[in-house]
Amino acid sequence: MASKTRAKELMRAAGVPLLDPVDPATATPADLPLLLKAAAGGGGRGMRVVRDLGSLREALEGARAEALSAFGDGEVFAEPYVERGRHVEVQILADTHGTVWALGTRDCSLQRRHQKVIEEAPAPGLPEALRGSLHTAAVAAARAVSYQGAGTVEFLVTADGRPYFLEMNTRLQVEHPVTEAVFGLDLVALQLRIAEGEALAPAPPEPTGHAVEARLYAEDPAQDWRPQTGVLHTLALPGEVRVDTGFTDRDTVGIHYDPMLAKVVAHAPRAPRPSAPSPTPSPEPASTGSPPTASSSYGPCATRSSPPGSSTPASTSATSPPSPRAPRTPPRPPSPRPSPKRPPHRTPPRRPPRRLAQRPLPAADPPLHRGRHRVRGPLPGRSARRPPGHPGAGRHPRPRHPRSRGNPADVPRETKFEQHRGLRGLRARRPHPHPRPRFPDPQDRTEPGSLLAPMPGTVVRIAEGLAPGSPVTAGQPLLWLEAMKMEHRILAPASGTLTALHAVTGQQVEFGALLAVVQEERQP
């Protein structure tokens with residue numbers, strides 16, 4: 001099953017429904033749109049959607065180059081691209097004694113760049129007949145290759161409810177915790193028992209409730225959700241949900257793996273799906289072709305924050321899946337807790353009033369130079385006890401908690417002082433904090449038309465015939481950068497002339513490195 005083309009041949013012989021393959025060499029406009037896929041891998045690598053025959057050749061070359069770089073095999077095949085299709089998969093478990101379990105369905109339709117973002121089990125809105133046919137096809141696929149262990153059979157379900165086999169992953173997938181939560185199983189432990197020769201029960205346990213998983217990625221929403229590297233300053237998640245992660249505070253997100261930081265899994269054991277965090281308000285989730293850039297598309301599951309003052313790292317709040325032998329216990333009633341938006345009210349201790357000397361406010365100090373002024377007095381947040389008449393006499397209020405609504409955590413700020421005439425002609429100064437970006441944009445320090453590396457990575461390909469002096473058009477791919485298990489195209493920002501090309505194939509570049517310069521053509 002490692003080769004998608006060979007797997008489709010086996011599935012066709014086993015009677016599993018398939019999409020008809022398309023030969024790119026003889027494709028016609030009636031075959032459009034097409035989906036190009038790498039035969040030897042997955043995860044979105046080597047995938048291209050082709051909507052016009054004029055771009056088919058370039059898409060084939062790009063898909064083959066990416067597949068060869070990622071999997072060592074440049075074989076690519078084409079099949080019809082299904083608009084508004086749903087990605088539905090079946091978790092299977094097969095032992096060495098001929099028993100195969102079909103452990104329900106999962107919906108993984110919410111994706112970005114063909115990478116899954118939200119998964120849930122069971123897949124909502126499926127008729128029982130369709131659910132049964134998916135289970136039957138998944139079991140047939142496992143028996144066709146005498147499979148043993150845990151695996152996943154993936155299907156594409158059209159808008160009118162027709163399922164088609166996509167591929168079989170002969171391993172445990174990232175989204176397996178939602179199946180564990182619904183069935184009350186430990187799939188990792190069951191894999192080991194099967195490998196030791198133990199037999200499964202004749203039938204799996206009955207599913208209970210609904211589960212949703214959100215993948216947390218290191219991405220920059222201001223740059224089209226592009227994966228990013230760097231230091232993970234803080235990772236704190238609530239303890240009421242299951243968290244699987246390998247990161248803690250101050251860890252470095254590198255370029256050699258995909259940008260996933262953690263998986264957050266919520267389960268409602270006795271309630272229907274509407275009470276569980278859901279990616280969409282409708283009964284059926286969005287399709288694989290839905291717009292993936294709006295953060296609101298992923299719902300509250302991906303945006304819930306810790307209560308004020310909480311700083312528990314994700315690694316300490318992770319919980320283990322329920323043991324397959326442990327009886328189910330009814331959930332405890334929720335304990336009252338303060339609203340996560342504001343801290344609980346505490347009455348401060350009473351203190352004797354302090355009388356301050358009734359003296360006029362001191363005049364402002366003369367400016368040091370234009371734009372800067374000396375500020376006298378104690379540092380904010382400290383209690384100052386000064387002799388009477390000292391400019392810093394009195395008590396200054398402490399600043400708000402860094403995680404309060406007025407000052408989000410770790411947001412750098414620049415404070416500007418504004419002068420105006422106050423009462424009795426005194427000059428007063430008011431601070432005005434302005435947030436500034438944590439990561440400055442390198443584009444602000446370069447000349448117009450400069451193409452910069454969006455992240456650390458390796459230059460894997462340069463457009464054929466591209467050299468200084470070459471004419472380029474706006475949006476034309478100039479070079480390809482590989483980082484975090486993905487290939488990123490660097491496009492010409494405008495039509496004009498390539499005046500400099502600093503990138504070299506195989507070169508390792510850092511974030512913000514100058515790759516090329518395009519001089520925009522002047523309009524008459």
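In this chain, residues are counted from 1 in sequence order. The figures here come from the full heavy-atom set of this structure, side chains too, leaving out hydrogens, waters and symmetry mates.
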Flag side-chain contact, heavy atom, 4.5 Å: Arg162 against Leu156: no
With distance as the sole test, does Asn169 use its side chain to make a donor-acceptor pair with the main-chain N or O of Arg171 at under 3.5 Å? no
For the side chain of Ser495 and the backbone of Ala474, is there at least one donor-acceptor N/O pair under 3.5 Å apart? yes
Does the side-chain contact (heavy atoms from CB on, under 4.5 Å) test come out yes or no for Val90 and Phe155, once each step is laid out? CA-CA 8 Å; Val90 178; Phe155 298 89; 4.2 Å; yes
Listed by chain and number, what are the side chain to side chain contact (heavy atoms under 4.5 Å, CB included) partners of Lys116, not counting sequence neighbours? His87, Glu89, Cys108, Gln111, Glu119, Glu154, Gln173, Glu175, Arg215
Can you tell if the side chain of Leu60 reaches within under 4.5 Å of the side chain of Val50, non-hydrogen atoms only? no
I'd like to know if Arg51 pairs up with Glu83 as an ion pair, taking the criterion as any Lys NZ or Arg NE/NH1/NH2 lying under 4.0 Å from an Asp or Glu carboxylate oxygen. yes
Of all heavy-atom pairs linking Ala142 and Met168, the shortest is CA-CE, 4.5 Å
Worked verdict on His210 versus Glu120 for side-chain hydrogen bond (donor to acceptor under 3.5 Å, both in side chains): CA-CA 7 Å; His210 200 91; Glu120 57 180 312; 2.7 Å; yes
His97 (side chain) donor-acceptor with Gly197 (main chain) under 3.5 angstrom: yes
Between atom NZ of Lys37 and atom NE2 of His114, what is the distance when rounded to the nearest 0.5 Å? 9.5 Å
What pair of heavy atoms forms the shortest contact from Leu134 to Pro163, and how long is it? CD2-CB, 3.6 Å
May I have the step-by-step check of salt bridge (charged side-chain N to carboxylate O under 4.0 Å, His left out) for Glu482 and Arg45, ending in yes or no? CA-CA 11 Å; Glu482 182 180 290; Arg45 306 298 301 274; 3.4 Å; yes
When you look at Arg86 and Leu126, which way does the side-chain contact (heavy atoms from CB on, under 4.5 Å) test go after all the steps? CA-CA 11 Å; Arg86 292 177 60 185; Leu126 296 183; 3.7 Å; yes
Side-chain heavy-atom pair Leu451, Pro493 within 4.5 angstrom cut-off: yes
Any side-chain heavy atom of Val241 within less than 4.5 Å of one from Val265? no
I'd like to know if the side chain of Arg226 pairs up with that of His488 as donor and acceptor (distance under 3.5 Å, no hydrogens or angles considered). no
Between CG on residue Leu237 and CZ on residue Arg242, distance to nearest 0.5 Å: 14.0 Å
What closest approach, in Å, do Gly465 and Ser470 show between heavy atoms, and which atom pair accounts for it? O-OG, 3.6 Å
Checking Gln476 side chain against Thr473 main chain: does a donor-acceptor pair fall under 3.5 Å? yes
Kindly confirm or rule out a cation-pi arrangement of Arg461 over Trp480, judged by NZ or CZ under 6.0 Å from the six-membered ring centre and within 45° of its axis? yes
Nearest heavy atoms of Tyr81 and Leu34, plus distance in Å: CB-C, 3.8 Å
Taking NZ, NE, NH1 and NH2 as the nitrogens, is one of them in Glu128 or Arg131 under 4.0 Å from a carboxylate oxygen of the other? yes
Rounding to 0.5 Å, atoms CG (Leu479) and NE2 (His502) come to a distance of 11.5 Å
Using a distance-only test with no angle check, is there a side-chain donor-acceptor pair under 3.5 angstrom linking Thr179 and Arg106? yes
Has the side chain of Asp95 got a donor or acceptor atom that lies under 3.5 Å from a matching backbone atom of Leu200? yes
Nearest heavy-atom approach of Lys263 to Pro177 is NZ-CG, 3.7 Å
Is any side-chain heavy atom of Pro29 closer than 4.5 Å to one of Leu53? yes
First locate atom CG of Asp220, then atom CD of Gln228, and finally report the distance between them rounded to the nearest 0.5 Å. 5.0 Å
Output the distance between atom CG (Asp251) and atom CG (Leu261), rounded to the nearest 0.5 Å. 10.0 Å
Val100 side chain near Arg143 side chain, heavy-atom distance below 4.5 Å: yes
With no hydrogens and no angle check, do the side chains of Thr458 and Gln508 hold a donor and an acceptor under 3.5 Å apart? yes
Donor-acceptor pairs are to be reported for all side-chain atoms of residues 7-22 against protein atoms at under 3.5 Å, with residues two or more places apart or in another chain.
{"unit_1": "Lys8", "atom_1": "NZ", "unit_2": "Glu79", "atom_2": "OE1", "d": "3.3"}
{"unit_1": "Lys8", "atom_1": "NZ", "unit_2": "Phe165", "atom_2": "O", "d": "3.4"}
{"unit_1": "Glu9", "atom_1": "OE1", "unit_2": "Arg6", "atom_2": "NH1", "d": "3.2"}

Return the CH2 to CZ distance between Trp225 and Arg113, rounded to the nearest 0.5 Å. 10.0 Å
Do you know the tightest heavy-atom contact between Pro24 and Ala78? CG-CB, 3.9 Å
Take Leu216 and Val264 through the side-chain contact (heavy atoms from CB on, under 4.5 Å) test and state the conclusion after the steps. CA-CA 8 Å; Leu216 304 185; Val264 182; 3.8 Å; yes
Does a side-chain heavy-atom distance below 4.5 Å link Arg112 with Glu219? yes
Which residue is it: Ile92, Thr152, Val182, Leu185? I am looking for the one with a side-chain contact (heavy atoms from CB on, under 4.5 Å) to Leu103. Leu185
In the structure I gave you, are the side-chain heavy atoms of Val504 and Val459 within less than 4.5 Å of one another anywhere? no
Ignoring hydrogens and geometry, is there a side-chain-to-backbone donor-acceptor pair from Tyr147 to Ala150 under 3.5 Å? yes
After noting the C-alpha distance and the side-chain angles of Asp249 and Leu232, does the key distance pass the side-chain contact (heavy atoms from CB on, under 4.5 Å) rule? CA-CA 6 Å; Asp249 293 356; Leu232 183 64; 5.9 Å; no
